[in-house]
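What you see is a predicted model; the values in this text were computed from it and never measured. Here is how names work: the chains are called A, B, and so on, in the same order as the sequence lines, proteins then strands, and each is numbered from 1.
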Amino acid sequence: MQNQQLKQLIEALLFVADAPLTVAQLCDYLLEQGRDSSRKQVREVLDELEQDYRERGVQLQLVASGYRFQTRAELGGIIAGLWQEKPPRYSQALLETLALIAYRQPITRGDIEEIRGVSVSTQIMKTLQERGWVKVVGHREVPGRPQLYATTNEFLDYFNLTDLAELPAIPEPPAKTINAETAPKESESTQ
Amino acid sequence: MQNQQLKQLIEALLFVADAPLTVAQLCDYLLEQGRDSSRKQVREVLDELEQDYRERGVQLQLVASGYRFQTRAELGGIIAGLWQEKPPRYSQALLETLALIAYRQPITRGDIEEIRGVSVSTQIMKTLQERGWVKVVGHREVPGRPQLYATTNEFLDYFNLTDLAELPAIPEPPAKTINAETAPKESESTQ
Amino acid sequence: MDASNPSPQQQSLPLGFVRGEPVIEKPEDLYIPPDALELILESFSGPMDLLLYLIRRQKLEITELPILPITKQYMEYVDMMKELKLELAADYLVMAAMLAEIKSRMLLPRPPAEEDDEVDPRAELVRRLQEYEAIRQGASHLDELPQSGRDHFVVHAETDAKEHIQQQLPDIALAELAVAFAHAMAQAELQHHHQVQREKLSTRERMSRILDMLQTQQRLRFADLFVAAEGKQGVVVSFLAVLELVKEALIDVVQVDAFSEIHISTRGQVYAEPTA
């Protein structure tokens with residue numbers, strides 16, 4: 001397949017796909033269409049595209065679930081003003097809960113409550129799950145088997161991240177004093 | 001407003017919009033953002049964008065209701081694969097109806113219903129006719145003049161048959177008395 | 001609890017009114033315009049947040065946690081909250097109790113032997129505050145990250161590709177058809193309790209073909225139904241088809257005079273247009 005055509009095709013696919021596309025997905029797709037291309041080739045095309053769009057109004061962005069085109073960050077405010085009703089604002093309580101899950105996952109509701117000193121509102125957990133940012137990944141094997149929460153790829157996509165490691169760093173959880181029988185140790189080990 | 005930024009903004013707006021945008025709409029949006037731009041300016045930007053995207057996988061296209069970005073025409077067929085779904089399966093009811101028409105043609109809907117013991121949906125008959133496998137070859141001259149269905153040449157072609165006689169033999173139902181007083185259709189035709 | 005109950009009792013002059021409720025006292029070393037008070041109180045996301053605020057306001061490190069003044073100030077806020085926002089109070093009261101407990105433990109003289117081992121009663125709270133502060137930082141990082149729908153928008157281009165989608169039609173294997181037929185007939189067998197005879201397919205096909213021809217031509221010459229190339233079998237098949245069609249009252253066979261041409265036509269046709 002000619003390189004120019006491969007590039008046009010990948011570009012077009014990214015612009016019309018309903019979700020971000022990974023290199024693997026692109027390769028599979030091209031193969032299905034009888035256009036066998038190596039990952040290296042596809043990756044090169046993506047690099048070129050990223051370069052081509054660097055100064056444009058839309059840009060190629062890699063997020064957790066793959067590559068997607070999105071508007072330049074500087075334009076967000078203007079565009080939001082035009083046809084979003086209002087960009088969503090999240091409450092401090094929601095952000096803290098989300099931050100705890102993001103930075104200290106996997107984590108139970110009890111852990112969250114302990115650190116925030118407030119009971120976690122069911123509404124917040126529901127919102128986080130409905131947005132697809134947070135999911136239950138298991139249970140802690142203690143009495144009551146509380147659910148363990150973790151963040152999802154959609155969370156990363158929404159915040160323009162490819163990986164949890166890209167989250168800006170915060171201080172490590174301080175060492176526990178005796179008696180405090182709960183969480184962070186476990187979260188550290190799985191992190 | 002700097003020209004580069006105006007261009008980026010218009011580009012982003014066109015990519016974000018749910019519908020094509022006219023020059024007038026773009027001017028209005030820009031004005032709303034305190035970026036007064038003349039139609040001429042906007043038109044110039046659009047011309048530039050059109051030029052920029054000429055050889056790309058997506059192109060700026062003027063359609064009846066305005067400008068929009070769309071994929072290159074040559075790519076349509078390939079991209080279509082993104083939405084190509086696996087072929088569905090026909091229902092048992094449809095299969096049996098088709099089988100009855102094939103093996104017992106010409107046959108009325110009433111005949112089919114009598115054999116199958118359930119009514120034949122209009123949808124099934126429509127599907128079979130749209131597929132080109134079944135057609136009406138006449139009417140039985142009884143009250144209501146029900147249509148008589150038969151299979152078509154396309155039907156034979158589809159199954160790679162030259163002749164209906166090549167249809168596979170049917171496992172005979174357990175032998176009973178020889179009774180040529182055949183099909184249920186008899187009851188209808190004798191009125 | 002009776003904050004909602006306008007109290008006739010004698011009181012000091014209220015500082016102001018928040019949601020119609022008099023605010024009598026102001027927190028020490030702090031004056032907040034009363035209408036801003038509620039906003040401020042609401043802006044705390046919980047007792048830890050408030051506590052952290054109180055410590056930071058004094059430009060202290062968390063580890064220093066001056067338990068006496070902090071507890072006092074905390075209580076003042078809680079009292080205000082009790083009046084303004086009862087539903088918030090519970091979590092704040094738990095913290096108040098904890099502060100009070102720490103305070104009392106710090107005031108207790110320690111047995112000298114235990115002095116070394118004894119953990120600072122503030123330690124656990126300090127740890128929680130540190131962790132909470134880290135998380136608050138995380139929350140503000142999240143808030144600052146570019147977000148979809150706020151800072152950037154996922155874009156899409158139109159495509160005519162969907163027009164290229166060939167509607168995939170279901171496939172059927174020939175064997176499936178035979179099975180379906182057998183199934184339908186077995187079903188009929190069960191229902192009707194009479195034998196369904198297998199017919200010669202080619203006869204059935206010929207019947208269809210004849211009827212089809214009659215769709216376009218009103219009348220067919222009987223002789224035209226027989227094609228020499230088909231051989232004897234073909235003739236037999238056509239003949240049987242005609243007989244079957246007559247039997248099913250689908251066609252009429254008309255011969256005007258003896259030995260004249262035999263014509264066939266659909267039944268309706270005969271009635272509509274009597275042959276000459």
| Which one, A:Q70, A:R68, A:R89, leads in non-hydrogen pairs under 4.5 Å with chain C? | A:Q70
| Top contributor to chain C interface from A:E113, A:R116, A:E96 [non-hydrogen pairs under 4.5 Å] | A:E96
| request: Write down the atom of C:Q137, the atom of A:P171, and the distance for their closest heavy-atom approach. | output: OE1-CD, 3.7 Å
| message | I'd like to know if the side chain of C:R150 and the backbone of A:A80 have a donor-acceptor N/O pair within less than 3.5 Å. | response | no
| note | In short, C:L142 meets A:F159 closest at the heavy-atom pair O-CE2, 3.4 Å
| said: To check you understand the geometry: which heavy-atom pair defines the closest contact between A:G117 and C:P47, and what is its length? | reply: O-CG, 3.1 Å
| message | Heavy-atom pairs under 4.5 Å with chain A: which of C:M95, C:E144, C:R136 has the most? | response | C:R136
| query | Hey, what do you get for CD1 (A:I115) to CG (C:L129), rounding to the nearest 0.5 Å? | reply | 11.5 Å
| Which value, rounded to the nearest 0.5 Å, describes the distance between A:L95 atom CG and C:I135 atom CD1? | 12.0 Å
| said: Please give me the minimum heavy-atom distance between C:G138 and A:A99, naming the atom from each residue. | reply: C-CB, 3.7 Å
| message | Run A:Q59 and C:H152 through side-chain contact (heavy atoms from CB on, under 4.5 Å) and show every step you take. | response | CA-CA 10 Å; A:Q59 299 180 313; C:H152 55 73; over 6 Å; no
| request: Check each atom of A:L94 against the heavy atoms of chain C and say whether the ones under 4.5 Å are side chain, backbone, both or neither. | output: neither
| field | Minimum heavy-atom distance A:A93-C:S45, with the two atoms named | value | N-CB, 4.2 Å
| task | Counting only heavy atoms closer than 4.5 Å, note whether A:D157 contacts chain C via side chain, backbone, both or neither. | result | backbone
| said: Need one label for C:E158: side chain, backbone, both or neither, based on atoms under 4.5 Å from any heavy atom in chain A. | reply: backbone
| task | Output the distance between atom NE2 (C:H141) and atom CD1 (A:I170), rounded to the nearest 0.5 Å. | result | 7.0 Å
| request: Between chain C and each of A:S119, A:P168, A:A12, count heavy-atom pairs under 4.5 Å; write down the option with the most. | output: A:P168
